[in-house]
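Note that the structure is predicted; figures quoted are calculated from it, not measured.
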Amino acid sequence: MDYDDAYVNYQNNRSWMRRAVRSLYLRAAAGQLVGPTLDIGCGLGDLLRLLPHDSLGLEYNKAAVELCNENGLPVSYYDGFKDDWRLSIFSERARFGSMVISHVLEHLDEPAETLRKLLVSAARLEIRRVLVIVPGKAGFNSDKTHRTFVNFELLSHSEITGGLPFTLRNSRYFPFNFRRLGDWFTHHELQVLYEVR
């Protein structure tokens, strides 16, 4: 996978305009989370900066982890592939109220399987709310590191939450709640919120 210094530089060198627009998206996501949050695949920590005290970022890209730590952000290296997404670095009943998986699943070959495993781990840790954010079709096609297109049909499939305490509480397209906009507008995304019943 292509997660190295070059990818960090690409993410870190956004124009001021793109940063300003991105802040609207980040605030919309943060507003759906409660309590300390576990940010899976936190990247450069842009969302993490907006989350409550005691939130924590996990990141696979070691260059991104290093940059986050240099900037004082609580981010730890995590290899979900080796850990099979069990989040075994945490004991039972971790301190988190929410988990966010933002722009991560589209980078994987088996996103549904990975999400299911993360929800199992969230249930074990008594996390009550999980927010998943993925790009629309145009956004998916804009990044060479994207591997699998994730849509609402995949995220709402009964196998994702079957037997778990989570239910799909809410979904929306952002910034405009219209799916087809994502077919041509690169910065359109789908936000799906799962919550313990």
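Expressed to the nearest 0.5 Å, how far CG of Leu193 lies from CZ of Arg172 amounts to 9.5 Å. For the atom pair Leu87 CG and Asp84 CG, the distance stands at 10.5 Å (nearest 0.5 Å). In this structure, the separation between NE2 on His187 and CG on Leu24 is 12.0 Å, given to the nearest 0.5 Å. To the nearest 0.5 angstrom, Leu118 atom CG is 5.5 Å from Met99 atom CE. The CG atom of Leu48 lies 7.0 Å from the SG atom of Cys68; values are rounded to the nearest 0.5 Å. Note that OG of Ser102 is 7.0 Å distant from CG of Leu131, once rounded to the nearest 0.5 Å.
The two residues His107 and Asp143 come nearest to each other via the heavy atoms CE1-OD2, 4.4 Å. When all heavy atoms of Leu105 and Val132 are compared, the closest pair comes out as CD1-CG1, 3.6 Å. Considering every non-hydrogen atom in both Asp54 and Arg95, the closest pair reads O-NE, 3.3 Å. Taking both residues in full, the closest heavy atoms of Pro175 and His188 are given as CD-CD2, 3.8 Å, listed atom of the first, atom of the second, then distance. Nearest heavy-atom pair, Pro111 versus Leu108, reported as atom, atom and distance to 0.1 Å: CD-O, 3.7 Å. When all heavy atoms are compared, the tightest approach of Val134 to His103 is C-CE1, 4.0 Å.
Criterion: ILVMFWY side-chain heavy atoms under 4.5 Å apart, direct or through other members. Under it, Phe178 and Phe185 are part of a common hydrophobic cluster. A single hydrophobic cluster is not seen to contain both Val34 and Leu119; linkage of ILVMFWY side chains at heavy-atom distances under 4.5 Å, directly or through other members, places them apart. Under a hydrophobic clustering in which Ile, Leu, Val, Met, Phe, Trp and Tyr are joined whenever their side-chain heavy atoms come within less than 4.5 Å, directly or via other members, Phe149 and Ile133 fall into different clusters. Placement of Leu56 and Leu125 within a single hydrophobic cluster is found when ILVMFWY residues are connected by side-chain heavy-atom separations under 4.5 Å, directly or transitively. At a threshold of 4.5 Å between side-chain heavy atoms, the hydrophobic network of Ile, Leu, Val, Met, Phe, Trp and Tyr places Ile160 and Leu190 in one connected group.
Between the side chain of Arg129 and the backbone N or O of Gly35, no donor-acceptor pair lies under 3.5 Å. The main-chain N or O of Phe140 is found under 3.5 Å from a side-chain atom of His146 such that the two form a donor-acceptor pair. The closest donor-acceptor contact from the side chain of Glu106 to the backbone of Val150 lies at 3.5 Å or more, if one exists at all. Between the side chain of Arg197 and the main chain of Phe166, a donor-acceptor pair closer than 3.5 Å is present. For Ser121 (side chain) and Arg86 (main-chain N/O), a donor-acceptor pair under 3.5 Å exists by modelled atom type. Checked by atom type and distance alone, the side chain of Asn69 pairs as donor or acceptor with a backbone atom of Leu73 at under 3.5 Å.
In this structure, Arg128 places its CZ atom where only 12 or fewer heavy-atom neighbours from other residues, nucleotides or ligands lie under 6.0 Å away. Within a 6.0 Å radius of OH in Tyr77, other residues, nucleotides and ligands contribute more than 12 heavy atoms. Atom CD of Glu159 is surrounded by 12 or fewer heavy atoms from other residues, nucleotides or ligands within 6.0 Å. Enclosure of atom CZ in Arg27 is not indicated, since only 12 or fewer non-hydrogen atoms of other residues, nucleotides or ligands lie within 6.0 angstrom.
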Start with the C-alpha distance between Tyr78 and Ile40, add both sets of side-chain angles, then the distance that settles side chain to side chain contact (heavy atoms under 4.5 Å, CB included), and finish with yes or no. CA-CA 9 Å; Tyr78 177 68; Ile40 305 290; 5.6 Å; no
So Asp79 and Asp83, side chain to side chain contact (heavy atoms under 4.5 Å, CB included) or not? Walk me through it. CA-CA 6 Å; Asp79 187 340; Asp83 188 46; over 6 Å; no
Side chain to side chain contact (heavy atoms under 4.5 Å, CB included) evaluation trace for Glu189 with Tyr25: CA-CA 9 Å; Glu189 62 187 25; Tyr25 290 73; 3.6 Å; yes
Just do the side chain to side chain contact (heavy atoms under 4.5 Å, CB included) check on Arg49 and Leu26 with the steps written out, would you? CA-CA 10 Å; Arg49 293 175 194 277; Leu26 296 172; over 6 Å; no
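Side chains of Leu58 and Ile89 form a contact here, defined as non-hydrogen atoms less than 4.5 Å apart. At least one side-chain heavy atom of Arg116 sits less than 4.5 Å from a side-chain heavy atom of Leu164. When side chains are defined from C-beta on, Ile101 counts as touching Val130, because their heavy atoms get closer than 4.5 Å. Within the 4.5 Å cutoff, side-chain heavy atoms of Leu67 are placed close to those of Leu44.
A centroid separation of less than 6.0 Å is found between the aromatic rings of Tyr60 and Phe81.
Each side-chain hydrogen bond (donor to acceptor under 3.5 Å, both in side chains) pair with one or both residues in residues 30-42, not counting sequence neighbours, appears once here: Gln32-Gln191.
Salt-bridge annotation for Lys117 and Glu113: present, with a side-chain N of the basic residue lying under 4.0 Å from a carboxylate O of the acidic one. The residues Arg147 and Asp109 are annotated as salt-bridged, a charged nitrogen and a carboxylate oxygen being separated by less than 4.0 angstrom.
With sequence neighbours left out, Phe90 forms a ring pair (Phe, Tyr, Trp, His ring centres under 6.0 Å) with Phe96.
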